[in-house]
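One structure below.
Model, not experiment: these values are computed from the prediction. The figures that follow rest on heavy atoms only: side chains count, while hydrogens, waters and symmetry mates do not.
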Amino acid sequence: MKHSLFSLFLLAAVCSLSAQSWTLLPSATVYDIQDVWAQPQQDDTAVVCGAYVQAGDVLPFALRTTNGGMTMTTSDVYFGGTFAGAYGMDFVDGNTGYMCGGGVLATYNGGQGWGQLLDVFEVYGTLYDFHAASFDDLYTAGESFAGEGMAMVSHDAGQSWASSTITDGITNVNTTITSVVRATGNRLYAGAAASGSGSPTLFLSTDDGLTWTALNFIHGVNGLWASIGDAIFAATDFGIYRISDAGTSIVPKQLTSVPVTGLDIKQALGFAVCADGSIYTSADGGNNWSLMTSPVQGTRLNSVRFANDQVAYACGDSGTLLRWDAMSTGVEPITSGTMHLAPNPATEVLRVQTSAASVYDLFDARGERVASGRLVVGTNVIPVLRLPAGLYFLHSGGSAQRFLKE
């Protein structure tokens, strides 16, 4: 539906692009969904996984959709009981992905079919997170049946694995590792659930997972996300923390009094989900966060994942599955028209080349106008040096383009 006034069109379009709308999808299961992944090139295709208890056994399930979550089909991940539960997954591309729980599974057709790489007896425990850094370099972590934190590493696409034990190194408290991620080179981080008062919950390996060192961090970690270089974000029981400089720099961003259970960042845009159903968004790559409207307030959310910069999914308890669309308000999609922006990302100035004279408005990712002016035919220069780093939208003559400010 088109708005009759151009100003209303701009406002609605910017609000749409600023990530203010999540849609609750039809529930395909009554069980808790632990993780979600969506295909970047075909963002209507997504896979979810989870676990349920039947007759005392912890069993896995996986569901796949090709129509944006409106309907879902069941994938066979049972394997005769030798793969127990499904808690995390990651994909290298649109076809190759991995799932972990009581074992490790692999798919080579986008989640339509799964094969077993490790069974529960080979893992001898439960794996809660999976990080596929490349086609060859795979990382997963959890807790052994002996009650010890553990990490497993493969450098041949899952054909062979090396395992290591993770403890706090002080009291040797048994640790449940909830998450693992590679930051850069051979540097890995692992996060753990809070296991005792004052016990470390963040660990660093500088030798690709062979040995681990406890860092000075004591809040329960529920998820980790790695940016370019030696910097990660941790979703914790006390908010989001940014960790860099080999763990020596830790900057908190307390969002809520309830745990942040998962986060994901795509360029400048980020989402974080919480144990009470709250959802937060960032427009500057995770440095600052603001509360969004959640359609499932009161329901625990467990994970959030971008498909691309237009679509994201979040999942949670009782079969909860949400979808975010950049263009979800009913406004017809805005197009780039005759504008060309460079450089992108911009640092000091943004050059705008256009074939028609018009006025322009510059909005930040929250939909607030930060600048306006006129464009002439040819090349125009807009100063952006004083703008905070983040995602912005330039609207002019009925068209719009996004760009990043570094």
Side-chain angles (χ1 to χ4, degrees), residues 25 28-29 33-51 60-79 82-83 85-119 122-123 127-141 152-161 179-182 223-226 228 262 264-267 302-315 321-326:
L25 299 172
T29 177
I33 301 176
Q34 299 296 333
D35 206 358
V36 58
W37 169 84
Q39 191 172 126
Q41 290 76 26
Q42 297 176 334
D43 50 36
D44 280 344
T45 298
V47 182
V48 302
C49 69
F61 71 85
L63 303 168
R64 184 175 186 267
T65 180
T66 57
N67 58 5
M70 298 309 295
T71 60
M72 306 195 81
T73 57
T74 302
S75 301
D76 183 11
V77 294
Y78 177 59
F79 293 97
T82 59
F83 178 75
Y87 299 100
M89 60 183 169
D90 200 10
F91 279 67
V92 182
D93 60 13
N95 292 313
T96 304
Y98 302 89
M99 186 185 302
C100 68
V104 175
L105 305 181
T107 180
Y108 305 105
N109 57 10
Q112 298 179 63
W114 296 85
Q116 195 169 50
L117 297 180
L118 294 174
D119 63 27
E122 293 170 298
V123 171
L127 302 170
Y128 295 109
D129 190 33
F130 202 101
H131 176 57
S134 69
F135 280 97
D136 290 326
D137 302 319
L138 310 177
Y139 304 89
T140 184
M152 303 184 70
V153 178
S154 174
H155 292 303
D156 54 11
Q159 299 308 302
S160 62
W161 296 83
S179 46
V180 63
V181 69
R182 187 174 77 179
L224 295 172
W225 181 87
I228 298 175
D264 196 15
I265 299 173
K266 182 73 172 178
Q267 295 180 332
N302 296 315
S303 180
V304 61
R305 190 81 63 102
F306 279 98
N308 47 47
D309 60 359
Q310 297 293 309
V311 174
Y313 292 86
C315 64
L321 185 61
L322 306 176
R323 174 174 167 140
W324 168 82
D325 286 88

Restricting to pairs with a member in residues 86-104, which pass salt bridge (charged side-chain N to carboxylate O under 4.0 Å, His left out), not counting sequence neighbours?
Asp90-Arg305

Of all residues at least two apart in sequence or in a different chain, which pass the ring pair (Phe, Tyr, Trp, His ring centres under 6.0 Å) check with [X]?
X      : value
Phe83  : none
Phe91  : Trp37
Phe306 : Phe271
Tyr313 : none

Shortest non-hydrogen separation from [X] to [Y] and the atoms involved:
X      : Y      : result
Asp76  : Trp114 : O-CB, 4.3 Å
Met89  : Val47  : CE-O, 2.8 Å
Leu138 : Gly158 : CD1-N, 3.5 Å
Ala307 : Ala38  : CB-CB, 3.5 Å
Gln159 : Asp156 : N-OD1, 3.1 Å
Gln39  : Gly94  : NE2-O, 3.3 Å

Could I get the full list of side-chain hydrogen bond (donor to acceptor under 3.5 Å, both in side chains) partners for [X], not counting sequence neighbours?
X      : result
Asn109 : Thr107
Gln116 : Thr82
Asp129 : none
Asn67  : Thr65, Thr71

How long is the straight-line distance from [atom2] of [Y] back to [atom1] of [X], given to the nearest 0.5 Å?
X      : Y      : atom1 : atom2 : value
Asn302 : Cys315 : CG    : SG    : 6.0 Å
Thr140 : His131 : OG1   : NE2   : 11.5 Å
Thr45  : Gln112 : OG1   : CD    : 8.5 Å
Cys49  : Phe130 : SG    : CZ    : 12.0 Å
Cys100 : Tyr87  : SG    : OH    : 10.0 Å
Met72  : Leu25  : CE    : CG    : 8.5 Å

Report yes if some heavy atom in the side chain of Trp225 is under 4.5 Å from a heavy atom in the side chain of Asp264; otherwise report no.
yes

State, yes or no, whether a side-chain contact exists between Asp119 and Phe79 at a heavy-atom distance under 4.5 Å.
no

Show, in sequence, the C-alpha distance, side-chain angles and deciding distance for Val304 and Trp324, and conclude whether the side chain to side chain contact (heavy atoms under 4.5 Å, CB included) test is met.
CA-CA 10 Å; Val304 61; Trp324 168 82; over 6 Å; no

List for me each residue that meets side chain to side chain contact (heavy atoms under 4.5 Å, CB included) alongside Ala62, sequence neighbours excluded, and say none if there are none.
Ser75, Val77, Met99

If the condition is side chain to side chain contact (heavy atoms under 4.5 Å, CB included), which residues does Val153 pass it with, not counting sequence neighbours?
Tyr139, His155, Asp208

Partners meeting salt bridge (charged side-chain N to carboxylate O under 4.0 Å, His left out) with Asp136 (sequence neighbours left out)
none

Quick one: does Asn308's side chain have a donor or acceptor within less than 3.5 Å of a partner on Pro40's backbone?
yes

